Amino acid sequence: MRFFTQRKHFRDLTEQEVIALAISSEEDDARIYRSYAEMLRADYPATAKIFDGMAAEEDEHRRRLIALHEDRFGPVIPLIRREHVAGYYARRPIWLVENLGIERIREEAEMMERDAERFYLAAAGRTTDAATRKLLGDLAAAEAGHQAAAAELEEAHLDHDEKEAEKVISHRQFILTWVQPGLAGLMDGSVSTLAPIFATAFATHDPWTTFLVGLAASVGAGISMGFTEAASDDGELSGRGSPVKRGLASGVMTTVGGLGHALPYLIPEFWTATIIAFIVVFFELWAIAWIQNRYMETPFFRAAFQVVLGGALVLAAGILIGSG
């Protein structure tokens with residue numbers, strides 16, 4: 001899928017660009033850890049100290065990387081950041097994490113260190129310079145050590161039983177590879193096809209024509225979403241898994257979301273088909289809200305309000321346009 005993106009792929013970076021990317025990533029991670037420390041300092045001072053220490057270690061990593069760069073390539077470091085590399089892991093904005101509690105912050109810290117370890121291992125495998133390879137390997141080991149430090153946060157400050165690391169990793173991978181792209185596809189298919197399907201239904205009062213329009217809209221949206229998801233991230237460094245699996249999940253669920261309220265129009269009687277389609281739409285939107293609550297930790301009533309209100313507005317727009 002390399003021809004679908006204008007960003008550079010990790011495999012195409014030079015050794016100098018890899019080191020520059022590592023430097024900018026360490027700078028960003030140090031800032032994130034210090035932000036976590038400030039958020040937690042009042043209620044969890046011991047945890048805040050852990051994050052302060054992790055930020056200081058990231059600063060040390062950055063200094064070692066800069067020294068390596070100066071020794072091998074000189075003092076001018078290329079400007080290359082995460083968003084410049086296709087498939088490179090992204091960091092969740094601080095404001096999306098700060099109100100989710102200490103457990104979620106701990107999980108974010110573990111994920112950050114796991115991503116960084118994966119990056120350093122991949123980078124070490126691409127370099128031919130012995131000193132560079134040694135440093136990158138040492139940094140990978142250091143990031144793995146940070147994961148153990150982050151795991152201590154749950155034992156020290158949470159009252160529930162410690163989760164098994166394998167289950168956490170497996171569950172997170174399942175969400176990243178299947179649930180997130182599938183949910184995005186289901187939302188797009190269920191909501192975006194409402195307007196064309198119901199506009200056609202009320203404009204023609206012809207169930208068969210409405211079904212054909214719904215089928216075309218659903219399949220077309222599924223193909224588009226599938227290719228978009230697969231092309232957006234090759235999964236090399238983000239850890240989101242195979243782009244084929246993610247594209248398949250997104251494409252299939254987009255098609256399913258649209259077909260749900262198109263299939264009733266196989267019934268030849270217009271109003272019977274339309275009433276059944278309304279019922280299907282109702283259950284589709286509530287199912288999306290449930291999935292958001294179950295897997296994405298979105299409060300149920302907030303998810304329901306957003307999805308149901310948005311779907312209702314799109315549905316009303318389609319009916320008004322078709323009736324006009």
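Computed from a predicted model, the values in this text were never measured in an experiment. Start at 1 with the first residue, then count along the sequence. Note that these values count all heavy atoms, side chains included, but never hydrogens, waters or copies made by symmetry.
Proximity of S190 to I288: side-chain heavy atoms (C-beta onward) are separated by under 4.5 Å at one or more points. Proximity of M112 to Y36: side-chain heavy atoms (C-beta onward) are separated by under 4.5 Å at one or more points. Contact annotation: the side chain of H261 approaches that of E284 to within less than 4.5 Å [non-hydrogen atoms, C-beta and beyond]. Contact check for H61 versus D29: no side-chain heavy atoms found under the 4.5 Å cut-off. A heavy-atom distance below 4.5 Å is found between the side chains of L266 and W208. By the 4.5 Å heavy-atom criterion applied to side chains, W286 and F300 are counted as neighbours. Side-chain contact between L13 and V85 is present, with at least one heavy-atom pair separated by less than 4.5 Å. Taking 4.5 Å as the limit, some side-chain heavy atom of V18 sits within range of a side-chain heavy atom of F119.
Considering CG of D188 and OG1 of T228, their distance stands at 9.0 Å, rounded to 0.5 Å. Distance check, rounded to the nearest 0.5 Å: CD1 of I319 to CZ of F202 gives 4.5 Å. We find the OG1-CD distance between T177 and Q180 to be 9.0 Å, quoted to the nearest 0.5 Å. In this structure, T210 OG1 and L215 CG are separated by 12.5 Å, a value rounded to the nearest 0.5 Å. For the atom pair NE2 of H9 and CG of D12, the computed distance is 7.0 Å after rounding to the nearest 0.5 Å. Rounding to the nearest 0.5 Å gives a distance of 11.0 Å between CG of L183 and OH of Y295.
Here the side chain of E17 pairs a donor or acceptor atom with the backbone of T14 at under 3.5 angstrom. In this structure, the side chain of E26 does not engage the main chain of R63 through any donor-acceptor pair within 3.5 Å. The backbone N or O of I80 sits less than 3.5 Å from a side-chain atom of S24, completing a donor-acceptor pair. Distance alone, capped at 3.5 Å, places no donor-acceptor pair between the R62 side chain and the E57 backbone. Although no hydrogens or angles enter the test, the distance criterion places no donor-acceptor pair under 3.5 Å between the side chain of R41 and the main chain of A48.
Residues G260 and P264 share a closest heavy-atom pair of O-CD, 3.3 Å. When all heavy atoms of P207 and P268 are compared, the closest pair comes out as CG-O, 3.3 Å. Residues R81 and D28 come closest through the heavy atom pair NH2-OD1, 2.8 Å. Closest approach of A249 and W178 over heavy atoms only: CB-CE3, 3.6 Å. The heavy-atom pair separating L121 from A140 by the smallest distance is CD2-CB, 3.8 Å. Smallest separation of non-hydrogen atoms from I19 and L65: CG2-O, 3.9 Å.
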Check: Going through the distances and angles, do R294 and V179 end up as a side chain to side chain contact (heavy atoms under 4.5 Å, CB included)?
Finding: CA-CA 10 Å; R294 173 67 177 80; V179 176; over 6 Å; no

Next item on the list: List the steps, then state whether side chain to side chain contact (heavy atoms under 4.5 Å, CB included) holds for M187 with Q292.
Entry: CA-CA 10 Å; M187 293 177 65; Q292 285 185 314; 3.8 Å; yes

Notebook entry, point to check: Under the side chain to side chain contact (heavy atoms under 4.5 Å, CB included) criterion, do R64 and L135 qualify, and how do the steps go?
Noted result: CA-CA 8 Å; R64 293 172 68 184; L135 176 58; 3.3 Å; yes

Margin query: Set out, in order, the CA-CA distance, both residues' side-chain angles and the distance that settles side chain to side chain contact (heavy atoms under 4.5 Å, CB included) for I77 and I23, then state yes or no.
Written below: CA-CA 9 Å; I77 301 174; I23 292 170; 3.8 Å; yes

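In this structure, a donor-acceptor pair under 3.5 Å is present between the side chains of T274 and Y265.
Within 6.0 Å of the CZ atom in F278, the count of heavy atoms belonging to other residues, nucleotides or ligands exceeds 12.
In terms of hydrophobic clustering, with Ile, Leu, Val, Met, Phe, Trp and Tyr side chains grouped at heavy-atom distances under 4.5 Å, I279 and F211 are assigned to a common cluster. Clustering ILVMFWY residues whenever any of their side-chain heavy atoms sit less than 4.5 angstrom apart, transitively, puts V308 in the very cluster that holds F283. The same ILVMFWY cluster, assembled from side-chain heavy atoms under 4.5 Å apart, contains both F282 and L285. Clustering ILVMFWY residues whenever any of their side-chain heavy atoms sit less than 4.5 angstrom apart, transitively, puts L313 in a cluster other than the one holding L194. In the hydrophobic clustering of ILVMFWY residues, with side-chain heavy atoms under 4.5 Å counting as a link, L79 and L21 come out apart.
With sequence neighbours excluded, the residues satisfying side-chain hydrogen bond (donor to acceptor under 3.5 Å, both in side chains) with T132 are R72, D129.
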Please list every donor-acceptor pair under 3.5 Å in which a side-chain atom of residues 216-223 meets a protein atom from a residue at least two apart or in another chain.
from, atom 1, to, atom 2, distance (Å)
S218, OG, G214, O, 2.7
S218, OG, G258, O, 3.4
S218, OG, L259, N, 3.2

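Using bins of under 30°, 30° to 60° and over 60° for the plane-to-plane angle, the ring pair H69/F73 lands in the tilted bin.
Applying the salt bridge (Lys or Arg N to Asp or Glu O under 4.0 Å) rule to pairs touching residues 207-229 yields E229-R240, E229-R246, sequence neighbours excluded.
We find that D59 and R34 are joined by a salt bridge, their nearest charged nitrogen and carboxylate oxygen being less than 4.0 Å apart. Ionic pairing of R114 and E143 is not present here: no N-O contact between side-chain nitrogen and carboxylate oxygen is shorter than 4.0 angstrom. Salt-bridge check for R118 with D115: passed, with a basic side-chain N closer than 4.0 Å to an acidic carboxylate O.
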